[in-house]
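Heads up, the thing below is written out as structure tokens.
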Amino acid sequence: LGDELLLGNQAPVRENLSFEKIDAVFSYEWKQWRLYAGAGYLINRDPDTLKRKTVQTGVEYYAARRVTRNGRLLGGIDIQWTEQRDWAPGVSFKFGIQLGGNNTNDRNFQFFLEAYDGFNPYGQFYRDDIQSYGLGMAFNF
């Protein structure tokens, strides 16, 4: 946070966020689509005032036809709700292209645009809402 802030006795109180969670997620694949949904329950948590329940759902798409010689479109949206945030959604979106690999499990390279709007899921600022936008790359081997 900076030396001046820390030395001036104005540092914010540090909150430690730590938890272990049991998740059950079910998915269904149909052609180029994968739908999934599930729920979670926090079993160990710090602080102990964290509420325990979470819910998640989403959809992914991998195009069967190539849009370039070696690339095809991909995209997805993921929505998470937590009891801690009074069930307000956190929404993640990705859209891009996959190069290489004929199947989603084959070795490939993905390049995508991504965005997130919702609660900050991890770290000491978990009480805050955040928005982020960016470019992403993934090497799947």
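Index from 1, following the sequence. Because the structure is a prediction, the values reported are computed rather than measured.
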In this structure, are over 12 heavy atoms from other groups packed under 6.0 Å from F141 atom CZ?
yes
The reported gap from CZ in R66 to CG in L99 (rounded to nearest 0.5 angstrom) is 9.0 Å
Side chains of Q80 and T54: does their closest heavy-atom pair fall under 4.5 Å? no
When every non-hydrogen atom of S27 is compared with those of R34, the smallest separation belongs to CB-NH1, 3.3 Å
query: Do any N or O atoms from the side chain of Q98 and from the backbone of Q110 form a donor-acceptor pair under 3.5 angstrom?
result: no
Query - Co-membership, hydrophobic cluster, residues Y61 and W30, 4.5 Å side-chain - result: yes
Criterion salt bridge (Lys or Arg N to Asp or Glu O under 4.0 Å) on E114 and K94, from CA distance to verdict: CA-CA 4 Å; E114 59 185 339; K94 291 184 180 181; 3.8 Å; yes
Taking every heavy atom of D86 against every heavy atom of K51, the minimum-distance pair comes out as OD1-NZ, 3.9 Å
Does some side-chain heavy atom of T57 sit less than 4.5 Å from a side-chain heavy atom of W81?
yes
Taking NZ in K21 as the centre, count heavy atoms belonging to other residues, nucleotides or ligands within less than 6.0 Å. Is the count above 12? yes
dist N108:CG -> N70:CG (nearest 0.5 Å) comes out at 10.0 Å
Give the cluster check for V25 versus Y41: same hydrophobic cluster or not, with ILVMFWY residues linked at side-chain heavy-atom distances below 4.5 Å.
-> no
*Cluster overlap Y62 with L113, hydrophobic side-chain contacts below 4.5 Å*: no
| Taking side chain as C-beta onward, heavy atoms only, is F95 less than 4.5 Å from L73? | yes
Value for CD1 (I79) from CD (Q56), rounded to nearest 0.5 Å, stands at 10.0 Å
Rounding to 0.5 Å, atoms CD1 (I97) and CZ (F112) come to a distance of 13.0 Å
### Query
Quick one: does L74's side chain get under 4.5 Å of E60's, heavy atoms only?
no
The reported gap from CG in D128 to CG in N120 (rounded to nearest 0.5 angstrom) is 6.5 Å
Can you label the angle between the F119 ring and the Y116 ring as parallel, tilted or perpendicular, going by 30° and 60°?
-> perpendicular
Worksheet entry | Cluster check M137, Y133: I/L/V/M/F/W/Y, side chain < 4.5 angstrom | no
Rounded to the nearest 0.5 Å, the CZ atom of R45 sits from the CD atom of E20 at a distance of 12.0 Å
R52 side chain reached by I22 side chain, heavy atoms, under 4.5 Å: no
